Amino acid sequence: MPTWPRPKPPRNIRAHQSDQILELTWPDGQIARLDYRMLRGECPCATCKNEWTGERILDPATIRPDLKLEGMEGIGNYAVRFVWSDGPSSGLYNWETLERLSQEASS
């Protein structure tokens, strides 16, 4: 169940391919840098996470070190879809998830 008010979308999302880092600039000016492999390990798609139990199916140890982010697509005003070089592209990372990962990365 969503909490209100919902997080606002990042002002900017930028992929740094050579560093394998996704940079998010939040409305308050905070900048978060998320490692591709960590982000990929949090993929919410049904191939990577059990839809009913929430149990993680994807073993992070199996994520290739040469992982690339091949594309990004905004989904409405609530999420972004990433296309990963190892195949998955159906997981929607909502703003709440990206905000949580940003907070975890900064602590």
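Here the structure is a predicted model, which means the values were calculated and not measured.
Legend: residues meeting salt bridge (Lys or Arg N to Asp or Glu O under 4.0 Å) with Arg37, ordered by chain and number and at least two apart, are absent. Partners of Gln20 by side-chain hydrogen bond (donor to acceptor under 3.5 Å, both in side chains), not counting sequence neighbours: none found. The salt bridge (Lys or Arg N to Asp or Glu O under 4.0 Å) test applied to Glu99 returns no partner, not counting sequence neighbours. By the salt bridge (Lys or Arg N to Asp or Glu O under 4.0 Å) test, Arg64 is found to be paired with Asp66, residues two or more places apart in sequence or in another chain being considered. Asp19 is linked by a salt bridge (Lys or Arg N to Asp or Glu O under 4.0 Å) to nothing, counting only residues two or more places apart in sequence or in another chain. Considering only residues two or more places apart in sequence or on other chains, Glu70 meets the side-chain hydrogen bond (donor to acceptor under 3.5 Å, both in side chains) condition with none of them. The side-chain hydrogen bond (donor to acceptor under 3.5 Å, both in side chains) check on Arg33 picks up Glu23, with sequence neighbours excluded. With sequence neighbours excluded, the residues that form a side-chain hydrogen bond (donor to acceptor under 3.5 Å, both in side chains) with Glu73 are Arg81.
Considering every non-hydrogen atom in both Cys43 and Gly91, the closest pair reads SG-CA, 4.4 Å. Taking both residues in full, the closest heavy atoms of Asn77 and Pro9 are given as OD1-CG, 3.4 Å, listed atom of the first, atom of the second, then distance.
Think of Leu39 as one node in a network of Ile, Leu, Val, Met, Phe, Trp and Tyr side chains linked at under 4.5 Å; its network also takes in Ile13, Leu22, Leu24, Trp26, Leu34, Tyr36, Met38, Leu58, Ile63, Leu67, Leu69, Met72, Val80, Phe82, Trp84, Tyr93, Trp95, Leu98, Leu101. Applying the 4.5 Å side-chain rule to ILVMFWY residues, one finds that Ile31 remains a lone member of its cluster.
Annotation: Arg11, atom CZ; neighbour count of heavy atoms from other residues, nucleotides and ligands within 6.0 Å is above 12. Under a cut-off of 6.0 angstrom, the local environment of CD in Gln30 is sparse, with at most 12 non-hydrogen atoms contributed by other residues, nucleotides or ligands.
Atoms NZ and CG, from Lys68 and Asp86 in turn, are 12.0 Å apart once rounded to the nearest 0.5 Å.
A salt bridge (Lys or Arg N to Asp or Glu O under 4.0 Å) check over residues 41-50, counting only residues at least two apart or in different chains, returns the pairs Glu42-Arg100. Applying the side-chain hydrogen bond (donor to acceptor under 3.5 Å, both in side chains) definition to pairs two or more places apart or across chains, those involving residues 51-60 are Asn50-Thr53.
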